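Structure first, commentary second.
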Amino acid sequence: MPYGKIIAIANQKGGVGKTTTSVNLSAGLSLRNKKVLLIDFDPQGDSAKALGYTEPNKMKDTISNIMLEMIVSDECDIENRIIHTEEGFDLIPANEKLSNIEKMLENIEDKETVLKDVLKSVQDKYDFIIIDCRPSLGMLTINAFTCANSVIVPTQPEYLSATGTQQLLSRIQKTKNDQNPQLEVEGILITMADERTLLGKEINKQIHENYGKHFHVFTNKIPRRVSIAESSAVGKSIFKYDSKSDGANAYHVLAREVDLNAKREIKRHRDTITR
Ligand SMILES: Nc1ncnc2c1ncn2[C@@H]1O[C@H](COP(=O)(O)OP(=O)(O)O)[C@@H](O)[C@H]1O
Ligand SMILES: [Mg+2]
């Protein structure tokens with residue numbers, strides 16, 4: 001039985017590695033033989049682009065028309081819209097039309113639960129559904145938090161001290177209280193880490209001091225590497241582009257940890273049911 005775990009990759013700051021992490025975590029999990037669906041949930045369509053679909057605005061089937069169907073008729077055909085990528089996982093792309101959906105959401109009832117309803121029919125077919133959020137805490141991101149089991153917060157060391165992270169964590173807490181009691185922070189993931197500089201080391205220490213008490217901070221950091229940026233630019237995961245690199249290794253380790261977490265949660269869940 002697939003895990004059916006939904007993970008949102010979120011940070012309202014742009015350029016912190018959300019898309020890169022979404023794509024490479026999805027690829028890393030499929031290399032572990034997990035069935036994965038990646039939902040691009042940013043009107044920029046960067047996840048699709050990072051997988052070689054260079055013109056998402058020309059794509060007909062995206063998360064927008066699926067959500068629109070759900071809004072208009074309370075049902076949707078998601079399965080026929082899924083793309084099977086060469087990386088071994090499935091994708092639902094996004095494009096600029098998703099901004100219109102976000103505006104539309106403001107005026108409907110149950111605006112927080114549209115994505116949840118959309119994913120209901122496919123959730124049990126996947127081990128993981130990864131949602132690449134847009135850089136904002138607007139209604140799309142709230143939709144992602146409302147259906148997710150957990151959130152991974154990629155962040156560049158320079159941004160962590162900023163109040164933005166605090167806002168993000170409070171938003172997650174608010175969704176947990178209001179809509180989705182199961183929501184957890186899977187972990188704060190440091191991306192584009194520069195281990196060699198003294199500043200890098202100092203920032204690391206601060207991150208653990210500031211957040212480590214309340215949230216899991218992945219000890220495995222994603223290093224800043226040109227090959228990681230290049231792999232997205234040519235539309236491939238780091239595993240296909242440069243499988244022996246330490247960037248690939250870091251994403252392997254992340255995928256392993258995420259996979260083992262899910263396995264442990266399922267075991268705990270089963271234990272409580274049979275007790
Ligand atoms: N570990 C990394 N090392 C070097 N460049 C990276 C790394 N992670 C992401 N990038 C690059 O940084 C930019 C922003 O990353 P991206 O994943 O698109 O962030 P976001 O989705 O949060 O806006 C992209 O050009 C990407 O290729
Ligand atoms: Mg992005």
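Just so it is clear, the model here is predicted, and its values are computed rather than measured.
Note: the hydrophobic cluster containing L137 does not contain I131 (ILVMFWY, side chain heavy atoms under 4.5 Å, direct or indirect links). Residues L115 and M70 fall within the same hydrophobic cluster, defined by Ile, Leu, Val, Met, Phe, Trp and Tyr side chains chained together at heavy-atom separations under 4.5 Å. Hydrophobic clustering (side-chain heavy atoms under 4.5 Å, transitive across Ile, Leu, Val, Met, Phe, Trp, Tyr) keeps Y53 apart from I39. L254 and V217 sit in two unconnected hydrophobic clusters of ILVMFWY residues. Membership requires side-chain heavy atoms under 4.5 Å apart, directly or through other members. I82 is connected to V114 through a chain of hydrophobic side-chain contacts under 4.5 Å among Ile, Leu, Val, Met, Phe, Trp and Tyr, so both are in one cluster.
Contact check for L183 versus V151: side-chain heavy atoms found under the 4.5 Å cut-off. No side-chain heavy atom of D40 sits less than 4.5 Å from a side-chain heavy atom of I92. Within the 4.5 Å cutoff, the side chain of Y126 has no heavy atoms near those of the I6 side chain. The shortest side-chain heavy-atom distance between Q166 and Y211 falls under the 4.5 Å cut-off. Residues S227 and I238 are in side-chain contact: their nearest non-hydrogen atoms beyond the backbone lie under 4.5 Å apart. Between I83 and D61 there is no side-chain heavy-atom pair separated by less than 4.5 Å. A heavy-atom distance below 4.5 Å is found between the side chains of L169 and V185. Contact of the K111 side chain with the M104 side chain is not registered, since no non-hydrogen atoms from C-beta on lie closer than 4.5 Å.
Rounding to the nearest 0.5 angstrom, the gap separating the CD atom in Q182 from the CD atom in E265 is 9.5 Å. Atom OG of S121 and atom CD of E75 lie 10.5 Å apart (nearest 0.5 Å). S64 contributes atom OG, which lies 7.0 Å from atom NZ of K97 (distance to the nearest 0.5 angstrom). Between S99 atom OG and L140 atom CG the span is 7.5 Å, to the nearest 0.5 Å. To the nearest 0.5 Å, atoms CG (N57) and CE (M59) are separated by 10.5 Å. Here the CD1 atom belonging to I129 is positioned 15.0 Å from the OH atom belonging to Y3, to the nearest 0.5 angstrom.
Side-chain atoms of S47 and D132 form a donor-acceptor pair, as typed in the model, at a separation below 3.5 Å. Of the N and O atoms on the side chains of H252 and E257, not one donor lies less than 3.5 Å from an acceptor on the other residue. There is a side-chain donor-acceptor pair under 3.5 Å between Q173 and N177.
For T141 (side chain) and S136 (main-chain N/O), a donor-acceptor pair under 3.5 Å exists by modelled atom type. The backbone N or O of F89 sits less than 3.5 Å from a side-chain atom of T85, completing a donor-acceptor pair. The backbone N or O of G4 lies less than 3.5 Å from a partner atom in the side chain of Q123, making a donor-acceptor pair. Checking side-chain atoms of E96 against main-chain N and O of P43 turns up no donor-acceptor pair under 3.5 Å. Under the 3.5 Å distance criterion, the side-chain polar atoms of K18 are matched with a main-chain donor or acceptor of K13. Side-chain atoms of D46 do not come within 3.5 Å of backbone N or O of T19 as any donor-acceptor pair. N180 places no side-chain N or O within donor-acceptor distance of the main-chain N or O of K176, the cut-off being under 3.5 Å. Side-chain N or O atoms of T191 include one that pairs as donor or acceptor with a backbone N or O of V16 at under 3.5 Å. For the pair S243 (side chain) and K240 (backbone), a donor-acceptor distance under 3.5 Å is absent. Under the 3.5 Å distance criterion, the side-chain polar atoms of T113 are left unmatched by any main-chain donor or acceptor of K116.
The environment of Q44 atom CD is sparse: at most 12 non-hydrogen atoms of other residues, nucleotides or ligands sit within 6.0 angstrom. Within a 6.0 Å radius of NZ in K174, no more than 12 heavy atoms belonging to other residues, nucleotides or ligands are found.
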Check the pair N143, F41 against side-chain contact (heavy atoms from CB on, under 4.5 Å), reporting the backbone distance first and the verdict last.
CA-CA 10 Å; N143 263 259; F41 213 40; 4.2 Å; yes
Check the pair T62, L98 against side-chain contact (heavy atoms from CB on, under 4.5 Å), reporting the backbone distance first and the verdict last.
CA-CA 9 Å; T62 65; L98 190 56; over 6 Å; no
Check the pair L189, V153 against side-chain contact (heavy atoms from CB on, under 4.5 Å), reporting the backbone distance first and the verdict last.
CA-CA 6 Å; L189 176 70; V153 181; over 6 Å; no
Between S237 and E87, is the side chain to side chain donor-acceptor pair (under 3.5 Å) condition met? List the steps.
CA-CA 7 Å; S237 74; E87 297 282 345; 2.8 Å; yes
Check step by step if salt bridge (charged side-chain N to carboxylate O under 4.0 Å, His left out) holds for E230 and R225.
CA-CA 9 Å; E230 283 170 351; R225 294 291 180 269; over 6 Å; no
Test log, rule side-chain contact (heavy atoms from CB on, under 4.5 Å), inputs I222 and N24
CA-CA 11 Å; I222 309 299; N24 288 304; over 6 Å; no
Check against side chain to side chain donor-acceptor pair (under 3.5 Å), N80 and D77
CA-CA 6 Å; N80 287 312; D77 174 11; 2.9 Å; yes
Can you check side chain to side chain donor-acceptor pair (under 3.5 Å) on N149 and E184, steps first, answer last?
CA-CA 6 Å; N149 300 91; E184 299 292 345; over 6 Å; no
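Contact detail for A94 and I63: the closest heavy-atom pair is CB-CG2, 3.9 Å. For the pair S22 and L38, the tightest heavy-atom approach, listed with the atom from each and the gap, is CB-CD1, 3.8 Å. Of all the heavy atoms in F239 and A27, the pair that sits closest is CD1-CB, 3.7 Å. Closest non-hydrogen pair, P223 versus I228, comes out as O-CD1, 3.6 Å. The shortest heavy-atom contact between L91 and L37 is N-CD1, 3.9 Å. Closest of all the heavy-atom pairs between I7 and E186 is CD1-OE1, 4.1 Å.
F218 and H216 have perpendicular rings, their planes meeting at more than 60° on a 0 to 90° scale where under 30° would count as parallel.
Salt bridge D259/R256: absent, no basic N to carboxylate O contact under 4.0 Å. Here E55 does not pair with K49 in a salt bridge; the nearest charged N to carboxylate O distance is not below 4.0 Å. In summary, D127 and K5 do not engage in a salt bridge, as defined by a charged side-chain N under 4.0 Å from a carboxylate O. The pair K120-D117 counts as a salt bridge, with a side-chain nitrogen and a carboxylate oxygen less than 4.0 angstrom apart. For E69 and R81, the salt-bridge test passes: some basic side-chain N is under 4.0 Å from an acidic carboxylate O. A salt bridge does not link K236 to E86: none of the charged side-chain nitrogens sits closer than 4.0 Å to a carboxylate oxygen.
In this view, T21 and Y251 satisfy the side chain to side chain donor-acceptor pair (under 3.5 Å) rule, not counting sequence neighbours. In this structure D74 satisfies the salt bridge (charged side-chain N to carboxylate O under 4.0 Å, His left out) test with no other residue, sequence neighbours excluded.
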